[in-house]
Amino acid sequence: MSDAQKVNLLGLPRPMLEAYFESIGEKKFRATQVMKWIYHYGVDDFEQMTNLGKGLRTKLSECAEIRDPKVVSCDHSADGTRKWIIEVASGSCVETVFIPESGRGTLCVSSQAGCALDCSFCSTGKQGFNSDLTAAEIIGQVWIAAKSFNNVPHKQDRSITNVVMMGMGEPLLNFDNVVASMNLMMDDLGFGLSKRRVTLSTSGVVPALKELGKYTDVSLALSLHAPNNALRNELVPINKRYPLEVLLPACQDYMNGLADKRRITIEYTLIKGVNDQQQHAEELIPLLKNIPCKINLIPFNPFSLSSYQRPSNNAIRRFQEILLAAGYNTTVRKTRGDDIDAACGQLAGKVQDRTRRSQRYLNQTQLINTKQLPV
Ligand code: SAH
Ligand code: SF4
């Protein structure tokens, strides 16, 4: 069998791997053994799977493979942040970032090459959209990072304690592959992470949000960024299709459907003079009144195609204090890894844009720079 015809076992959910073994005339429990080799020990060579008989090892190497996406580069920041550039099957590159903090290590994972949604402050959006990542390409990012730390789930002192789908792409627009890979992150035979520490971040694709609870119980973060529809329509254009009055109840329904009590994370990117004024903070207070949540303020990270600016530290503190005084658990995200362009919203990868959006933005910026357009 040629390599192209081999079944990639990386990223196959447990029931599908069991079905695969049955389909090749083997017992289901082989899936348990192989998953442990893949995710607990980082093994990709069937020959090393010593509790499988020789015959089965040979059969597997003929018809299956464990293939992770290709690492193009890995940068280390002065503050301990690491960034991998990963090439996916479509030929585009995506980025994965590891952020160490005291007592935990968070891996920020991409779900798509580019993004179709075009939020006005996001560098991924400016590159247009190329492709959905496969489940192997999504879980493969965790696999690659875990292997680089020699990080296996049964070790107590693991480096990766949290995963957030906050890299490139809108996870809910690549539903099946994101759900399959996030369930593997939480599966004991996968990476065994706590469901409280595996978080899907969405800009608000309501129909998919309504389906999510049927398939997984990951934690949820909502990219809110504005306290009213008029401003959110500008910053997060998908709001025109799914405005706050349908989005917030859909988030609440998802959280209410979880077996345990958890808070949704509200992400709010603060942009100078756009959504960072006292009135915006005050408008958030009644909007979020009935939603058990924690608020994470993200100071805008500049990038070349955007003229937005980051607010001053004082402005950020004032915004935070209004929310704190109203009783909201509100934190400010520290910028990490900006010396290697790994900060939130700076993830650019290298997307072979199918929407021509990237060229449009580039043309606009060039015109602005050469003063042919009024700014
Ligand atoms: N598409 C998903 C997940 C990826 S974006 C979503 O929108 O939630 C992850 C987070 O980074 C989002 O909250 C997004 O709003 C934020 N972000 C994007 N660009 C940013 C920028 N330039 N500065 C700061 N945060 C940004
Ligand atoms: Fe896409 Fe999220 Fe960026 Fe919006 S913020 S363009 S949804 S990746």
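Below, all heavy atoms of this structure are taken into account, side chains as well, without hydrogens, waters or symmetry copies. Please read all numbers here as calculations on a predicted model, not as lab measurements. For ligands, and for the atoms within them, numbers begin at 1 and follow the listed sequence. If you read the sequence from its start, that first residue is 1, and numbering goes on from there.
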For the 3.5 Å polar cut-off, considering only N or O atoms, please tell me whether [X] and ligand 1 meet it.
X: Phe121; value: yes
X: Arg333; value: no
X: Pro299; value: no

Subset of ligand 1 atoms that lie under 4.0 Å from at least one heavy atom of [X]:
X: Thr202; answer: 6 (C), 8 (O)
X: Ser223; answer: 6 (C), 7 (O), 8 (O), 12 (C), 13 (O), 15 (O)
X: Gly167; answer: 4 (C)

- Item | Cationic N near anionic O, under 4.0 Å, Glu62 to Lys59 | no
- Query: Honestly curious: do Leu324 and Ile285 fall in one hydrophobic cluster under the side-chain, below-4.5 Å linking rule?
  - Reply: no
Distance to 0.1 Å, residue and atom name: give those for the protein heavy atom nearest to [atom].
atom: atom 1 (Fe) of ligand 2; value: Cys115 SG, 2.3 Å
atom: atom 3 (Fe) of ligand 2; value: Cys122 SG, 2.4 Å
atom: atom 6 (S) of ligand 2; value: Cys119 N, 3.4 Å
atom: atom 2 (Fe) of ligand 2; value: Gly169 O, 4.4 Å
atom: atom 7 (S) of ligand 2; value: Ser203 OG, 3.5 Å

Check whether any side-chain heavy atom of [X] lies under 4.5 Å from a side-chain heavy atom of [Y], and answer yes or no.
X: Pro299; Y: Val332; answer: yes
X: Met49; Y: Leu56; answer: no
X: Phe21; Y: Phe29; answer: no
X: Tyr20; Y: Val34; answer: no
X: Lys70; Y: Ile86; answer: no

- Under a heavy-atom criterion of less than 4.0 Å, does Pro302 contact ligand 1? no
- Message: With the threshold set at under 4.0 angstrom, would you say Met165 reaches ligand 1 through any of its heavy atoms?
- Response: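 Yes, Met165 has heavy atoms under 4.0 Å from ligand 1.
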- Message: Quick test of your reading of the structure: of Gly204, Gly169, Ser201, whose heavy atom lies closest to atom 1 (N) of ligand 1?
- Response: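 That would be Gly169.
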- Query: Taking atom 15 (O) of ligand 1 as the point of reference, which of His225, Met166, Glu267 owns the nearest heavy atom?
  - Reply: His225
- Message: Once rounded to the nearest 0.5 Å, what's the spacing between atom CG of Asp45 and atom CD1 of Ile66?
- Response: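 So the gap between those two atoms works out to 8.0 Å.
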- Taken to the nearest 0.5 Å, the spacing of Ser181 OG from Ile138 CD1 works out to 4.0 Å
- Query: At under 4.0 Å between heavy atoms, which part of Leu117 makes contact with ligand 1: side chain, backbone, both or neither?
  - Reply: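 The answer is neither.
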- Of the backbone atoms (N, CA, C, O) and the side-chain heavy atoms from C-beta on, which set of Ile298 has a member under 4.0 Å from an atom of ligand 1: side chain, backbone, both, or neither?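 The answer is the side chain of Ile298.
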- Task: Mark up the atoms of ligand 2 that fall under 4.0 Å of a heavy atom belonging to Gly125, in ascending order.
- Result: 6 (S)
- Message: Checking side-chain polar atoms at under 3.5 Å, does Arg30 have a donor or acceptor matched by the opposite partner on Gln33?
- Response: yes
- Message: Could you walk me through whether Arg14 and Asp187 satisfy the salt bridge (Lys or Arg N to Asp or Glu O under 4.0 Å) test, starting with their C-alpha distance in whole Å, then the side-chain angles of each, then the deciding distance to 0.1 Å, before giving a yes or no?
- Response: CA-CA 9 Å; Arg14 197 197 289 209; Asp187 192 323; 2.6 Å; yes
- Counting only heavy atoms, which portion of Asp118 has something under 4.0 Å from ligand 2: side chain, backbone, both, or neither? backbone
- Task: Would you check, one step at a time, whether the test ring pair (Phe, Tyr, Trp, His ring centres under 6.0 Å) holds for Phe191 with Tyr39?
- Result: CA-CA 6 Å; Phe191 288 101; Tyr39 301 107; 5.5 Å; yes
